[in-house]
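Quick note on labels: first sequence line is chain A, next is B, and so on, each numbered from 1. Keep in mind that this is a model prediction, so the values were computed, not measured.
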Amino acid sequence: MTRRKTLSIIIAFAVCAGIVLAPTPAGLTREGQNALAIFALCFVLWVGNALPLAVTSLFAIVLLPTLRVLPASRSFELFGSPVVFFILGAFILAAALMRSGLSTRLALAFLRRFGGSPRSLLAGVIFSGGFLAFWMPQHAVAALLFPIVLEIAHALDLKPVKSRYGRALFLALAWGAVIGGVATFLGGARNPLALGILSQHYDMSITFVEWVVAVAPFSIILMGCAYFLLLRGFGVDVEDVSRAREALDKKAKALGPISKREKGVGIVMILTIVAWIVSGRVVGLASISILAAVALFVFNLIEWKSVEEYVNWGVIFMYGGAIAIATALHESGGARWIALVAQDRIAGLPPFWMLMVFGAAATFLTEGISNVAAVALMLPICFGLMEGSGVSPVSVVFVVAVPAGLAFSLPMGTPANAIAYSAGYYRLRDSLVAGAILKIVALLLFALVVRFYWPLLGIGT
Amino acid sequence: MNRVLLILSASRVSNSCVDGALNAAGSENAELVVLFILDTVMPHDVRERMSHEGFLGEAASGRLLLSMRKELKRQGINELAEVARAAEKRGITHRTELVEGEFLTRALEAAQTEAPTVIFVAKREHAALSRLVSGSRAEELKDAAPCEVMIHKGGDS
């Protein structure tokens with residue numbers, strides 16, 4: 001175990017024990033205090049990445065009844081949240097997309113349309129990553145595009161670090177996947193997680209269409225901004241991309257004609273999305289998601305072994321645990337107490353600016369910790385802070401979940417960044433500087449969306 | 001014959017470090033041994049994050065790991081060829097080697113077996129906080145190596 005991990009575990013337990021043993025402050029219940037202790041423990045473990053995220057969540061589930069925050073039955077019951085099953089179904093669909101090869105075919109088809117010039121190829125990498133991340137997890141998209149972008153880099157003989165175009169290309173790979181991942185429930189599981197916490201707290205929901213209409217335009221414009229920033233920041237030191245185009249053509253040709261399995265997976269995917277749009281509210285997103293997963297097996301489009309190979313089952317523990325922690329904070333009064341303490345500091349801020357503070361906090365927090373953890377940690381507190389302000393919890397979900405997905409700078413922010421960085425084509429300071437600029441652009445654009453676009457959709461401040 | 005050991009890896013490439021090693025080998029009329037370490041830690045970390053944070057299974061993360069290792073090896077071969085060309089130009093006796101493993105372990109092994117008079121190594125780019133918490137492998141090499149270790153700042157290539 002590394003020094004960092006050991007240090008994180010020691011700090012986590014020390015902080016947790018310190019909070020549990022401290023005298024209970026006025027206005028806070030014993031259950032609330034213990035919930036805060038578990039919350040702090042998870043925060044340190046998630047930030048320090050001392051244990052796998054799912055194991056930390058699992059640990060929290062056990063600590064909740066042990067420290068008498070929630071009854072055991074309630075704590076374990078939260079694993080059964082519909083959101084967990086929605087995410088599970090979405091991962092199985094993504095597994096089918098990857099296993100069948102349809103995702104690679106789509107990525108190549110998309111990229112080949114953009115391969116006319118260096119500029120359009122760069123746009124192609126961003127937009128193909130973004131487009132795919134609308135429909136499958138952004139981490140999977142980055143992993144899928146990684147060998148393709150490497151192939152482009154080799155075909156163009158780009159030198160790691162030395163080629164400015166190479167730097168732009170690999171940042172485009174990460175940023176496209178990250179930006180596309182905020183637009184739907186499928187790109188980043190933090191979005192349905194936020195939905196699950198909303199549902200547990202307020203019995204409210206956001207439909208698939210409502211989310212896409214609210215966030216997709218922001219996501220698409222931000223992809224454009226990222227493209228211009230990369231062009232301006234790194235420039236193009238390549239004149240001809242015909243060899244890259246040839247490499248893509250060769251790769252596409254090697255795939256052969258579209259198979260029956262790919263067609264079948266494509267049809268199930270399209271029908272699932274239509275069902276989410278048309279009957280998501282009536283049937284439930286999770287039910288549709290699981291029905292789609294079952295359909296894949298009924299039509300022999302995927303085998304169970306493949307699902308096991310493509311999906312890490314820790315996903316259930318992570319999201320189940322995150323919902324349990326957030327719910328415990330809410331039900332024990334811990335979140336409300338933090339809100340009361342913090343309210344003095346932000347009292348007087350108009351609701352719009354409070355929402356912007358949440359968004360900024362989420363987007364900076366996500367550079368250091370998993371975006372799922374950022375949502376799980378921030379959302380209950382933000383709900384508490386906004387209570388009584390007249391702002392809808394739905395707005396709070398959007399302003400926390402969307403910026404929490406926008407990690408552009410550090411490899412530790414999100415696996416997509418780590419994957420792109422691992423190729424060695426750009427330096428850390430490239431992503432730090434360019435990522436910080438994109439972050440500011442994203443926050444300004446997001447502020448405009450919250451102030452002027454969302455009110456048109458009835459999402460008010 | 002004196003020996004200068006230049007240790008490189010994908011995340012520890014630096015022009016000034018390579019120049020320093022070439023200059024030292026040239027001025028001391030020493031043999032230059034260039035070692036490129038295919039660091040297994042970084043690809044393994046990324047794969048682990050894909051699995052633990054991205055929740056992708058072995059098939060997807062394993063394929064990614066293969067791609068990463070292949071790319072790092074390609075970069076290692078290219079980097080070694082480039083340094084060899086520069087050494088040839090200056091008439092320096094040289095030898096190159098590509099090894100895979102944990103950076104510090106491999107670097108210390110080479111320090112023992114090659115018995116160089118001086119080692120040239122670049123620091124990885126790190127956030128200050130990250131370096132504070134996890135330390136610097138280059139500094140650890142300096143502490144443990146049986147000879148002088150010249151550390152250069154990484155990422156200036």
*Given B:R74 and A:E151, is the salt bridge (charged side-chain N to carboxylate O under 4.0 Å, His left out) satisfied, shown in steps?*
CA-CA 12 Å; B:R74 200 189 71 93; A:E151 199 107 7; over 6 Å; no

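Heavy atoms of B:M68 lying under 4.5 Å from chain A belong to its backbone as well as its side chain. Of the two parts of A:V372, neither the backbone nor the side chain holds a non-hydrogen atom closer than 4.5 Å to a non-hydrogen atom of chain B. For A:F146, the part sitting under 4.5 Å from any heavy atom of chain B is the side chain, from C-beta outward, and nothing else. For a residue to count as touching a neighbouring chain, one of its non-hydrogen atoms must lie under 4.5 Å from one of that chain's; by this rule A:P52 touches chain B with backbone and side chain alike. Heavy atoms closer than 4.5 Å to chain B are found in both the backbone and the side chain of A:I419. If you measure heavy-atom distances from B:R47 to chain A, you find no contacts under 4.5 Å at all. Interface remark: B:A10 contributes no atoms to any contact with chain A (heavy atom separation under 4.5 Å). The parts of B:L56 that come within reach of chain A are both its backbone and its side chain, each placing non-hydrogen atoms under 4.5 angstrom from that chain.
Among the candidates B:M50, B:E48, B:K70, the residue making the largest number of heavy-atom pairs closer than 4.5 Å to chain A is B:M50. Most heavy-atom pairs under 4.5 Å with chain A: of the set B:D45, B:L64, B:L72, this distinction falls to B:L64. With chain B as the partner, the residue from A:A373, A:A94, A:S370, A:G424 showing the most heavy-atom pairs under 4.5 Å is A:S370. When the candidates A:L432, A:V315, A:L144 are compared by the number of heavy-atom contacts under 4.5 Å with chain B, A:V315 comes out ahead.
By the 4.5 Å heavy-atom criterion applied to side chains, B:F55 and A:F317 are not counted as neighbours. A heavy-atom distance below 4.5 Å is not found between the side chains of B:H52 and A:L53. Looking at B:R49 and A:H139, their side chains never come closer than 4.5 Å, going by heavy atoms from C-beta outward.
For the atom pair B:E82 CD and A:K159 NZ, the distance stands at 7.0 Å (nearest 0.5 Å). Of the inter-residue distances, the one linking A:S422 atom OG with B:D39 atom CG reads 12.0 Å to the nearest 0.5 angstrom. Here the NE2 atom belonging to A:H154 is positioned 3.5 Å from the CD atom belonging to B:E71, to the nearest 0.5 angstrom.
The minimum heavy-atom distance between A:P415 and B:E53, with the atom names listed, is CD-OE2, 3.4 Å.
Side chains of B:Q75 and A:Y425: no donor on one and acceptor on the other come within 3.5 Å.
Around atom CG of B:N29, no more than 12 heavy atoms belonging to other residues, nucleotides or ligands sit under 6.0 Å away.
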